[in-house]
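Notes follow once the structure below has been shown.
Naming convention: chains lettered A, B, ... in sequence-line order (proteins, then strands); numbering from 1 in each chain.
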Amino acid sequence: MLIHNKNFNIQQIADSGQCFRMNQLEANRYCLIALGRYLELIQREEAVIELSCSEAEYEELWKDYFDLEYDYHHLVETLRTGKDSFLQSAAEYGKGIRILRQDFFEMMISFIISQNKNIPSIKSSVEALCRRYGTPIIAAVGKEDSYYAFPTPQQLARATKEELRELKVGYRDEYILQASRAVADGLLDLSHIQSCSYEEASKALRQIHGIGEKVANCICLYGLHHIEVFPIDVWIKRILEEVYRNEFDLQLYEGQAGIIQQYMFYYMRSMKEKV
DNA sequence: ACCCAGGCCTGGA
DNA sequence: TCCAGGCATGGG
């Protein structure tokens, strides 16, 4: 089915560092494994996207997943006509980015893995976890066993440190186990966390070994859709120092700082690639 | 070989 | 409270 939206660009979302299981198949064509399903996306035109799903499935799942009720256009226009020249450029450059509403547990584990790794490396570790512990997804005839859902907390909680080391997650093995067991054992109650404020959710998450401020912020932003949260990684830190001389005023963007952060991150990384 | 990557933990000032 | 060093691993 077709989606019409000026602020929905698959390539930009896939390369924005918020999701690790969206991959390019060919020009303008991507695949995604999320919500226990396999989806293909084609960028037909700048504002036209084709999804390989029924209208019913779109209404039930993907409309929410891609945050299609939110008006990104308004924010982009505000930034493009605003006073901040870096954000003018960043918003124009990444205007097709949206903050996905991804699975909480998947974000928890993915961002625990993300620490001190680059994005390709994170993706390969996440994929390895899915293949080893996740449930196969039947995507099409002849493609059985090609795709795997992200493991459930129960599936991952049964892993051992030795197995995880084989998947090249390094010293994060214990972090992954503790986090998975905390959720599987109910110490970390998803439905409760989902009803919490950002501050409460972040505090609860940081109780887990291997989840510090930055990783907790990413989980809150991408897994709980607290779009007011502004995660600071090495790239954002560099921007705050080099572009803003540590005088960036977060208050100006209260309530949407997470989206601003995403435009900054994507723009800065793209600049470096072109050098 | 050296440095960096969507950092965090520990131990010592 | 703040900082240094260590940490597994892969890629440039």
Checking side-chain polar atoms at under 3.5 Å, does Asp249(A) have a donor or acceptor matched by the opposite partner on Tyr244(A)? no
Exercise: do Glu57(A) and Ser54(A) side chains pair donor with acceptor under 3.5 Å: no
Determine the contact category for Arg238(A): base if any of its heavy atoms lies under 4.0 Å from a base atom, sugar-phosphate if only primed atoms, P, OP1 or OP2 are that close, otherwise nothing. sugar-phosphate
Pick base, sugar-phosphate or nothing for Ser110(A), based on heavy-atom distances below 4.0 Å to the nucleic acid. nothing
Atom-pair distance (CD on Glu213(A); C1' on dG6(B)), nearest Å: 14 Å
Tell me the interatomic distance from Lys214(A), atom NZ, to dC9(B), atom P, rounded to whole angstroms. 14 Å
Between Gln18(A) and His209(A), which residue's closest nucleotide on DNA chain B lies nearer the 5′ terminus? Gln18(A)
Residue whose closest nucleotide on DNA chain B lies nearer the 5' end, Tyr175(A) versus Asn118(A): Asn118(A)
Tell me which residues in residues 96-108 of chain A put a heavy atom below 4.0 Å from DNA chain B, sorted by number, or none. none
What residues from residues 251-266 of chain A pass a heavy-atom cutoff of under 4.0 Å to DNA chain B? Gln261(A), Gln262(A), Phe265(A)
Whole-Å P distance, dG6(C) and dG6(B): 23 Å
Between the side-chain atoms of Tyr222(A) and the base atoms of dG6(B), is any donor-acceptor pair under 3.5 Å? yes
Heavy-atom donor-acceptor pair, Asp233(A) side-chain to dA5(B) base, under 3.5 Å: no
Is there a side-chain contact between Leu221(A) and Gln18(A) (heavy atoms, below 4.5 Å)? no
Taking the six-membered ring for Trp, is the centroid-to-centroid distance between Tyr253(A) and Phe230(A) below 6.0 Å? no
For Arg206(A), is there an ion pair with Glu213(A) - N to carboxylate O distance below 4.0 angstrom? no
Less than 4.0 angstrom from a charged side-chain N to a carboxylate O is my criterion; do Glu69(A) and Arg101(A) meet it? no
